[in-house]
Number of protein chains: 2
Amino acid sequence: MAAVRLIVARCEVRYTGRLAALLPEALRLLMIKSDGSVLVHADTGSYKPQNWMTPPTVIEEEPGRMVVRRRAGASEDRLDIRIVEVLSDVEHDMGEAAALEKEGAEAELQELLAETPERCGEGLRLVKREFPTDIGPVDLMCLDGEEAYVAVEIKRVATLEAVEQLCRYLERIRETPGFGGCRGILAAQVIKPQARRLAESRHIHCAEVDLAVLHGEREPDLTLFAA
Amino acid sequence: MAAVRLIVARCEVRYTGRLAALLPEALRLLMIKSDGSVLVHADTGSYKPQNWMTPPTVIEEEPGRMVVRRRAGASEDRLDIRIVEVLSDVEHDMGEAAALEKEGAEAELQELLAETPERCGEGLRLVKREFPTDIGPVDLMCLDGEEAYVAVEIKRVATLEAVEQLCRYLERIRETPGFGGCRGILAAQVIKPQARRLAESRHIHCAEVDLAVLHGEREPDLTLFAA
DNA sequence: CGGTAGATTTCGTGA
DNA sequence: TCACGAAGTCTACCG
């Protein structure tokens with residue numbers, strides 16, 4: 001049954017599991033979803049609940065008290081809600097909800113750069129997307145004008161981590177016969193200054209790419225949502 | 001005014017900003033908090049809203065439509081909500097909500113290990129917490145029984161990243177006069193197998209620490225929540 | 001089920 | 001304000 005239950009109550013919420021957390025007594029909003037999720041929201045603190053339990057859960061309810069348990073191996077996670085006063089308690093049937101359609105995440109950036117790899121570096125042409133190594137796939141494997149391999153790591157925002165990730169891959173790739181001279185390129189919409197410095201000190205080229213420009217170069221009717 | 005407005009409505013939600021996302025028409029729960037946050041929840045998909053806008057926001061409302069805007073430099077983020085049918089629209093005053101008190105996060109682990117550094121390695125004694133390097137502070141700097149420096153990186157869960165973070169620090173520390181022989185130790189409640197392998201291949205010692213044991217060794221009345 | 005990487009990450013802290 | 005690192009991260013994907 002696809003429904004959401006909303007309770008506005010004065011309550012105290014205690015979480016024990018990976019850590020211990022106490023939410024002192026106050027008016028709060030409890031949201032209980034049909035998949036067993038329990039969210040405790042306040043009137044501020046957007047997006048993230050103050051306290052919560054992700055499914056699968058077992059919910060025990062008695063007057064003045066609600067206990068939400070989650071079984072995941074040895075460590076028992078639980079949410080103890082001590083309810084002092086209930087101001088509202090309603091349930092809404094929600095029916096089916098279609099999935100979210102997204103456009104513009106890293107996956108799309110990779111798609112666009114696979115179409116025009118020269119945006120990452122002059123003369124580049126694509127060899128393979130998701131080029132496999134034994135520790136995971138590199139986003140793009142290309143060849144440059146001098147027939148040398150170039151591994152491209154793509155990020156929406158490139159941080160130090162991205163540089164490290166690319167270096168891990170390069171380490172492995174260069175051990176592969178024929179790939180000894182493989183270069184690395186970090187391509188991202190935004191490259192953080194520290195990431196750029198580390199990349200340059202490791203002889204990794206940085207390419208900041210503009211999504212709008214990339215979009216302008218492809219067929220307009222390929223975009224998900226027309227204007 | 002500390003209040004939360006809850007709307008159950010059949011609606012379509014479109015986000016444009018860092019990416020474009022479309023949520024097709026369906027029954028959804030809209031939560032509007034007093035700080036301007038707008039959350040769109042479905043009956044499943046716990047914790048995370050399907051669509052949202054973080055404060056500060058400007059909300060325009062007219063029959064059948066709600067537009068939430070956020071100004072942050074050049075890129076205009078906006079949430080367009082086309083409302084077909086409103087099933088419920090209520091507002092709840094929430095009063096003040098005290099902050100969450102936490103215990104058991106990485107900060108506490110660092111505190112406990114600073115008190116008993118020998119838990120990370122035999123004969124260790126603390127020199128300094130948050131020992132500075134030019135790329136950021138190392139969690140603990142210690143001396144071992146042979147008067148050699150040891151840098152300790154503390155994590156709740158240690159992944160590959162943690163190893164690389166520690167390696168970055170060690171690189172810098174060892175360039176400092178007097179610290180040329182500085183060793184590294186990775187201390188965590190949980191060390192992922194791959195992280196352990198990488199650490200060992202880089203001659204970094206791994207120490208899995210038990211929070212309960214550490215707790216048992218300190219003054220009982222220092223704990224946040226008594227039993 | 002465990003591990004890795006992405007996220008409109010969000011959130012806090014320190015410079 | 002900006003940048004970095006933690007998070008009960010959560011979530012999707014791949015083995």
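Chain A is the first sequence line, chain B the second, and so forth, proteins listed ahead of strands; every chain is numbered from 1. Scope of the values below: all heavy atoms of this structure, side chains included, with no hydrogens, waters or symmetry mates.
With D:dG5, C:dA5, D:dG8 as the candidates, the nucleotide lying closest to the side chain of B:Tyr169 is D:dG5. The listed nucleotides are C:dG6, D:dA6, C:dT8; the one nearest the side chain of A:Arg156 is C:dT8. Proximity note for A:Gln165 (side chain, C-beta onward) versus C:dG6, D:dA3, C:dT8: the nearest is C:dG6. In the set C:dG6, C:dT8, C:dC11, the nucleotide with an atom closest to the side chain of A:Lys155 is C:dG6. Listed nucleotides D:dT9, C:dT4, C:dT9 differ in distance to B:Arg18; the shortest reach to its side chain belongs to C:dT9.
Counting any heavy atom pair closer than 4.0 Å across all strands shown, B:Met53 reaches no nucleic acid atom. Contact annotation for B:Ala107: no contact, since no heavy-atom pair falls under 4.0 Å across all strands. Heavy atoms of B:Glu161 sit nowhere under 4.0 angstrom from any nucleic acid atom. When heavy atoms are screened at a 4.0 angstrom cut-off, A:Arg168 is found touching the sugar-phosphate backbone but no base atom.
Applying the 5.5 angstrom centroid cut-off and the 30 degree plane-angle cut-off, the aromatic ring of A:Tyr47 is not stacked upon the base of C:dT10.
Only one option out of B:Glu153, B:Arg129, B:Gln165 pairs with B:Asp139 in a side chain to side chain contact (heavy atoms under 4.5 Å, CB included); it is B:Glu153.
Proximity of residues 201-209 of chain A to DNA chain D (heavy atom under 4.0 angstrom from any strand atom) is not detected for any residue.
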Which donor-acceptor pairs under 3.5 Å do side chains of residues 166-174 of chain B form with protein atoms, sequence neighbours excluded?
{"unit_1": "B:Arg168", "atom_1": "NH1", "unit_2": "A:Glu164", "atom_2": "OE2", "d": "2.3"}
{"unit_1": "B:Tyr169", "atom_1": "OH", "unit_2": "B:Pro137", "atom_2": "O", "d": "3.4"}
{"unit_1": "B:Arg172", "atom_1": "NH1", "unit_2": "B:Asp134", "atom_2": "OD1", "d": "3.2"}
{"unit_1": "B:Arg172", "atom_1": "NH1", "unit_2": "B:Asp134", "atom_2": "OD2", "d": "2.9"}
{"unit_1": "B:Arg174", "atom_1": "NE", "unit_2": "B:Cys182", "atom_2": "O", "d": "2.8"}
{"unit_1": "B:Arg174", "atom_1": "NH2", "unit_2": "B:Cys182", "atom_2": "O", "d": "2.9"}

Going by atom type alone, with no hydrogens or angles, which donor-acceptor pairs under 3.5 Å involve a side-chain atom of residues 187-195 of chain B and a protein atom two or more places apart or on another chain?
none

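Mapping A:Thr159 and A:Pro55 onto DNA chain D by nearest heavy atom places A:Thr159 closer to the 5' end of the strand.
Ion pair A:Glu12/A:Arg82 flagged as a salt bridge, since at least one NZ, NE, NH1 or NH2 atom sits closer than 4.0 Å to an Asp/Glu carboxylate oxygen. Contact check on B:Arg70 versus B:Asp77 returns a salt bridge, with a Lys/Arg side-chain nitrogen under 4.0 Å from an Asp/Glu carboxylate oxygen.
The aromatic ring centroids of B:Phe179 and B:Phe131 lie less than 6.0 Å from each other.
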